[in-house]
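Heads up, the thing below is written out as structure tokens.
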Number of protein chains: 2
Amino acid sequence: MTLQAHGAARGRAPRSGEELLFLTDDQLRQGIELMFFAYQAFTSDADRILEGQGLGRAHHRALHFIGRCPGLTVAQLIDILGVTKQSLNRVLRQLVDRDLVESRVGATDRRQRNLFLTPAGIALERQLSEAQRERVRRAWRDAGSEAVAGFRRVLEGMMDPDKRARVRALMAPPGTGG
Amino acid sequence: MTLQAHGAARGRAPRSGEELLFLTDDQLRQGIELMFFAYQAFTSDADRILEGQGLGRAHHRALHFIGRCPGLTVAQLIDILGVTKQSLNRVLRQLVDRDLVESRVGATDRRQRNLFLTPAGIALERQLSEAQRERVRRAWRDAGSEAVAGFRRVLEGMMDPDKRARVRALMAPPGTGG
DNA sequence: CTTGGAATGTCAACAAGGCTGACGTAAACT
DNA sequence: AGTTTACGTCAGCCTTGTTGACATTCCAAG
């Protein structure tokens with residue numbers, strides 16, 4: 001498991017100041033597996049809570065982002081989640097039926113629907129994300145702040161640039177210039 | 001529902017030597033979202049290749065780990081993937097039918113099946129993981145080696161300890177003591 | 001040799017959660 | 001007035017997960 005730099009030493013001209021990363025296929029594969037295993041563990045917490053409640057991972061994701069951005073529109077949520085409106089709509093309808101989410105007609109544009117969590121929705125979302133937060137909190141605490149910074153940089157770098165930009169714009173509330 | 005670190009400064013006794021992380025709910029939530037978005041991007045590459053081929057993400061995962069650990073048994077693969085034998089068996093049968101995977105009767109224990117990639121399987125697995133490797137490679141290169149070390153530490157820390165141990169044992173070939 | 005249990009394969013039925021296509025409605029834009 | 005946009009919805013399909021039940025094969029213990 002120890003990352004051997006397999007082949008010959010090639011292309012090692014050191015980048016000025018920065019050390020050049022020597023990335024073997026083996027190391028990259030380990031990174032890929034780490035993503036898989038970490039995500040598997042990461043989703044297991046909320047899944048456990050949701051099971052038997054008639055809700056699933058899809059509902060959790062919707063609850064999360066509605067809680068995160070109260071009033072966001074259906075189209076925005078579709079873009080974030082990367083699903084079709086039909087798929088999201090099924091989930092959303094179930095959440096509204098259970099009084100976890102409220103869908104209000106848009107104020108300026110009345111075609112739009114602005115989504116909000118109800119008190120019950122807020123409570124469930126808190127419960128769900130608390131499980132995940134606890135896992136992330138522990139991992140971060142054990143890894144240290146430098147590792148956390150690296151974690152963030154790498155994960156951000158893995159996103160598609162345009163998606164990252166759109167998410168940034170949505171997540172950052174309007175008045176986040178300073 | 002505890003968690004309001006927001007307000008007063010409490011529990012701030014600095015850990016000796018190590019800097020104490022101030023983990024607000026907000027920071028943790030950002031970390032959670034980062035996991036979601038990065039994983040979303042991360043899986044999209046292989047998904048694109050697989051679409052229309054009659055294969056899906058489940059097949060990719062199986063191919064990956066069979067390629068990684070040639071000869072591993074069905075039970076080991078079930079443990080790695082965290083699915084039922086029925087679910088895995090369907091995927092495996094499709095892979096065998098397409099001559100991407102070979103299932104050999106175990107040498108020592110003939111109840112077991114040892115799984116291997118065929119040449120065609122190796123080719124497909126390479127193509128799939130190359131897409132993912134490219135994404136990871138770019139993210140790592142842009143982030144620098146320290147960030148990569150942090151990325152790894154945090155993701156490893158997110159895994160369940162027993163799962164991590166089992167995976168380590170499986171992934172490290174028998175003679176990886178030195 | 002018989003029997004129990006472990007590892008595996010397989011069939012059936014079902015559910016969650018994706019997808020496409022088609023259609024409807026209301027509101028906004030031009 | 002006509003077109004486009006945002007959303008809801010119905011119908012049908014696919015992948016991939018689940019449980020339950022049962023057959024097979026083989027190792028190991030009695």
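These numbers were taken from a predicted model, which means no experiment stands behind them. Chain letters run A, B, ... following the sequence lines, proteins first and then strands; every chain starts at 1.
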What is the distance from [atom1] of [X] to [atom2] of [N], rounded to the nearest Å?
| X | N | atom1 | atom2 | result |
| --- | --- | --- | --- | --- |
| B/Arg57 | D/dG17 | CZ | C1' | 13 Å |
| A/Leu77 | C/dG18 | CG | P | 11 Å |
| A/Gln53 | C/dA15 | CD | C1' | 17 Å |
| A/Leu63 | C/dG17 | CG | C1' | 15 Å |
| B/Leu50 | C/dG18 | CG | P | 18 Å |

Between A/Glu125 and A/His60: side-chain donor-acceptor atoms closer than 3.5 Å: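 A/Glu125 vs A/His60: no donor-acceptor pair found between side chains.
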Test item: side-chain donor near acceptor, A/His64 and B/Glu33, under 3.5 Å: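 Yes, side-chain donor-acceptor contact under 3.5 Å.
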Given A/Gln132, A/Arg133, A/Gln127, the one that forms side-chain hydrogen bond (donor to acceptor under 3.5 Å, both in side chains) with A/Ser129: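 Of the listed options, the one satisfying the test is A/Arg133.
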Salt-bridge contact B/Arg166-B/Asp162 (side-chain N to carboxylate O under 4.0 Å):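 Salt bridge: yes.
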A/Phe151 ring center within less than 6.0 Å of B/Phe151 ring center: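 Ring-ring flag for B/Phe151/A/Phe151: false, centres at least 6.0 Å apart.
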Ring centers of A/Phe65, B/Phe36 separated by less than 6.0 Å: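 Distance test on ring centres: under 6.0 Å, yes.
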Expected output: side-chain A/Lys85 to main-chain A/Val74 donor-acceptor under 3.5 Å: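 Not confirmed, A/Lys85 side chain does not pair with A/Val74 backbone.
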Flag side-chain contact, heavy atom, 4.5 Å: B/Lys163 against A/Gln40: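 Sidechains of A/Gln40 and B/Lys163: in contact.
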D/dG17 OP1/OP2 closer than 4.0 Å to side-chain N/O of B/Thr84: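 So the side chain of B/Thr84 is outside the cut-off, no N or O lying under 4.0 Å from OP1 or OP2 of D/dG17.
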N or O in side chain of B/His59 less than 4.0 angstrom from D/dT16 OP1/OP2: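 B/His59 to D/dT16 OP1/OP2: side-chain N or O found under 4.0 Å.
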Strand-adjacent residues in residues 35-47 of chain A, judged by heavy atoms under 4.0 Å from DNA chain C: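 Heavy-atom cutoff 4.0 Å gives no residues at all.
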Exceeds 12 heavy-atom contacts within 6.0 angstrom, atom CZ of B/Arg110: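 Atom CZ in B/Arg110 is not packed in, count stays at 12 or less.
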Flag if over 12 foreign heavy atoms under 6.0 Å of CZ, B/Arg126: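 Counting neighbours around CZ of B/Arg126, 12 or fewer heavy atoms of other residues, nucleotides or ligands fall under 6.0 Å, so no.
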Any residue of residues 106-118 of chain A with a heavy atom less than 4.0 Å from an atom of DNA chain D: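 Only A/Arg111, A/Gln112, A/Arg113 qualify.
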For DNA chain D, the residues among residues 88-101 of chain B that have a non-hydrogen atom under 4.0 Å from it: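 DNA chain D contact set from residues 88-101 of chain B: B/Arg90.
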Along DNA chain D (nearest heavy atom to each residue), the more 5'-positioned of B/Ser87 and A/Ala75: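 The residue whose closest nucleotide sits nearer the 5' end is A/Ala75.
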Closest listed nucleotide, where the reference is the side chain of B/Lys85 and the choices are D/dG8, C/dG9, D/dT18: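 From the listed options, C/dG9 comes nearest.
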Sugar-phosphate, base or nothing in reach of A/Gly82, heavy atoms under 4.0 Å: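 Touches sugar-phosphate only.
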Cluster link A/Phe116 to A/Leu81, ILVMFWY, side chain under 4.5 Å: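 No: no chain of side-chain contacts under 4.5 Å links A/Phe116 to A/Leu81.
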Polar pair under 3.5 Å, donor/acceptor by atom type, side chain A/Gln86, base C/dG21: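 A donor-acceptor contact between them is present.
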